[in-house]
Amino acid sequence: MTTAEPVETPRVEITYCTQCQWLLRAGWMAQELLSTFGTELAEVALVPGTGGVFRVAVDGDLVWDRKDDGGFPDAAELKRRVRDRIDPDRPLRHADRTTDAPGADA
């Protein structure tokens with residue numbers, strides 16, 4: 001009899017600037033990710049930083065950087081980027097919609 005290897009669940013890290021008072025924004029993003037991915041994530045960690053930093057990483061792989069990506073992500077975009085790292089085939093329903101979709105108001 002063999003035992004299955006434990007499946008590693010991803011860890012998300014949100015690093016935010018304390019000088020800029022972005023804790024609430026980081027907390028909201030964490031809440032959005034936990035609400036969407038539930039038990040598919042091991043944890044979402046809030047990491048205080050300085051110097052205008054706002055970064056989101058999944059298992060150490062950067063998925064969003066405020067300076068490189070030009071500001072803050074909206075929740076849907078962040079969920080898509082995290083999903084693409086942890087389960088690319090998973091549908092996100094409303095977060096997968098784009099304004100260019102058939103039937104969308106122009």
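Along the sequence shown, the residues carry numbers beginning at 1. Here the structure is a predicted model, which means the values were calculated and not measured.
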Close side-chain approach of [X] to [Y], heavy-atom, < 4.5 Å:
| X | Y | result |
| --- | --- | --- |
| Thr18 | Leu23 | no |
| Val63 | Asp84 | no |
| Asp74 | Leu78 | no |
| Lys67 | Arg55 | no |

Gap between atom [atom2] of [Y] and atom [atom1] of [X] - 0.5 Å precision:
| X | Y | atom1 | atom2 | value |
| --- | --- | --- | --- | --- |
| Leu62 | Asp68 | CG | CG | 7.0 Å |
| Leu33 | Trp28 | CG | CH2 | 10.0 Å |
| Lys79 | Met29 | NZ | CE | 9.5 Å |

Arg25 NZ/CZ over Tyr16 ring centroid, <6.0 Å and within 45° of normal: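 Checked: cation-pi criterion not met.
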Kindly give the heavy-atom pair with the smallest separation between [X] and [Y], and that separation in Å.
| X | Y | answer |
| --- | --- | --- |
| Cys17 | Gly52 | SG-N, 3.3 Å |
| Gln19 | Gly51 | OE1-N, 2.9 Å |
| Pro10 | Ile86 | CG-CG2, 3.3 Å |
| Thr9 | Ala42 | OG1-CB, 3.0 Å |
| Ile14 | Ala30 | CD1-N, 3.7 Å |

Tell me whether the centres of the aromatic rings in Phe54 and Trp64 are closer together than 6.0 Å.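 Aromatic pair excluded; centres sit 6.0 Å or further apart.
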Run Leu34 and Val44 through side chain to side chain contact (heavy atoms under 4.5 Å, CB included) and show every step you take. CA-CA 7 Å; Leu34 288 167; Val44 177; 3.7 Å; yes
So does Arg11 pair up with Glu13, basic N to acidic O under 4.0 Å?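 Judged by the 4.0 Å cut-off on N to carboxylate O distance, Arg11 and Glu13 do form a salt bridge.
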Is it true that Arg81 and Asp69 make a salt bridge, defined as a side-chain N closer than 4.0 Å to a carboxylate O?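 Yes.
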Test of understanding: clusters of I, L, V, M, F, W, Y form through side-chain heavy atoms closer than 4.5 Å, transitively. Do Val53 and Val47 belong to the same one?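 Result: no, two separate clusters.
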Please report the C-alpha distance between Asp61 and Arg85 in whole Å, then the side-chain angles of each, then the deciding distance to 0.1 Å, and finally whether the side chain to side chain contact (heavy atoms under 4.5 Å, CB included) criterion is met. CA-CA 9 Å; Asp61 294 328; Arg85 297 286 178 153; 3.3 Å; yes
For a side chain to side chain contact (heavy atoms under 4.5 Å, CB included) check, start with the C-alpha distance between Val82 and Thr36, then their side-chain angles and the critical distance, and finish with the verdict. CA-CA 10 Å; Val82 169; Thr36 297; over 6 Å; no
Test side chain to side chain contact (heavy atoms under 4.5 Å, CB included) on Leu92 and Phe37; report intermediate values, then the result. CA-CA 10 Å; Leu92 288 177; Phe37 297 105; 4.2 Å; yes
